[in-house]
Amino acid sequence: MRTNKKFTVKRKKKKYKGVGRFVFICVIIVALAAGGFVVAKHLGRDTYDSEGSFEGYAKDYFSTVKADNATGDSVEEFKYGEPNSVATDMPKLSSKAVTKKLTDFVNSEKSAFESNYGGSAKDSKNGFFAGYQSYKSDKNTMGVAMYTTVKQENKDGNMDLVSEKVKAVNFNAENGGEILPIMAFENGYKEKITKILTDKVKEEYGDDLKSKYKSYIANDSDFTEKMVFTEKGAKVYFDAGSILDLSKGAIVVDLSNDDLDGILRDKINPRNIDPNKPMVAITFDDGPGPKTSDQIIDSLEKYNAVATYFELGQNVANVKDADKILKRKMAIGCEIASHSWSHPNLFTLSDAQIKVENDKTDAAIKKITGFVPTLYRPPYGNGNEKTDKIFNKSGILWSVDTLDWKSRNKDAIFKVIKSQKTLDGRVVLLHSIHQPSADSMELILPWLKEQGYQTVTVSELLAYKYGEDPSVPKFYGYNYFYGEDSKKDK
Ligand code: ZN
């Protein structure tokens, strides 16, 4: 929203032509602000009563909220009115998506303020304020906590707090890509954070807590929207009136790096995936293959690319040097997933037999990688919600079938890839055990790069492209991975 231009101050970036006149106006503004402020202070009141004193009052608010200011420059806007005044201080960020998220939040709160107080009496006084604090973490992220505050004048002439809300956004310090929960947290983080926060606030605020504070914390499903990562750990924000009395305002709870041990990933988005750029997930089934594995990994490494491997349990257990192969894949950021133990048609098996296919593969993979995979691909694509349940994993099919097992020809494989209208959001099926499939990487990977695609793992694709949490079992069938189109269908 554009406001009275005179009061739009853009920090550190502006050329003034009539410097003398400008300085004169400044002096007037400062005098007005200081004057108004002094008067307000003299009367011992927390309020404002003119354009100038409102600006001073708002600046005071901005600086109270502000901390660390890792994001640098900001844009302040002031719009004094009777009865309603608005002041905002917004960070200048390079990421359009993050800027939009913060602006949308502030605008929606501002609209609510304007509609709530639009019909107020002329002699009443209502103020809307937006300010922020921003932090840098030691994990290549930046975070902004955006505050919106509504105040209303009471009988004694002081501004009372009506509401105070906070929305947090964390993003990649390098490319501005938003950090989604799945990229920041380890599996099972929700329960752990809930417990730590519940204990912390009990310790800090004791009997001042509202009776329902536990369920409030437990129901806060998306913690990254209320949390900013810092160098020391994280700050968690609670809206005014959520767990404490409204008059206490929004509150911040600090979590240390020790608190976050086992919750926050050691590295957040280490490959700097940009959620705003096109991305494709290459998947390899039926491995690890004894002959082709290293060649494929070499190609991936050469082009700084990754793939998701749906490995057969019996190969993981029996192929020579499978442990070294899997570890190499993980070292370059690839994802290891399950493709069952012996490649049966799961639809012909009993539940107990399916469970054996899963459990033996999990054990073989865990022995090497130290963890149980969160994804599986049913052989022949024959899976559903029922097999998901037994595997206790998300079932992943594909949306680009290269037919590599059939053509056994690297040019034919490449042609299938190139003939797609778009690869953004798609999952490409290949088989790591065939030589031509391995050879096709030297054609496909440089071409993808040239076309501006990032290669991502299936879990990354689900998180970044589709906003899903891959660790929650769900069946992703043939119709799923079609980028923006499938997103709209949901
Ligand atoms: Zn297969």
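All ligand and atom numbering here is 1-based and tracks the order in the structure. All residue numbers refer to positions in the sequence shown, counting from 1. These values consider heavy atoms only, across backbone and side chains, with no hydrogens, waters or symmetry-generated copies.
Applying the ring pair (Phe, Tyr, Trp, His ring centres under 6.0 Å) test to residues at least two apart or on different chains, the pairs with a partner in residues 322-351 are H339-H343, H343-Y380.
Residue V428 is tested with I417, T283, I444, L448 for a side chain to side chain contact (heavy atoms under 4.5 Å, CB included); the sole match is I417.
Qualifying side-chain hydrogen bond (donor to acceptor under 3.5 Å, both in side chains) partners for K386, counting only residues two or more places apart in sequence or in other chains: D351. K355 pairs by the side-chain contact (heavy atoms from CB on, under 4.5 Å) definition with D359, I390, not counting sequence neighbours.
Shown here are the protein N/O/S atoms lying under 2.8 Å from the Zn ion (ligand 1), water excluded: D286 OD1, H339 NE2, H343 NE2.
The shortest side-chain heavy-atom distance between P288 and V316 falls under the 4.5 Å cut-off.
In this structure, W398 has its ring center under 6.0 Å from that of Y478.
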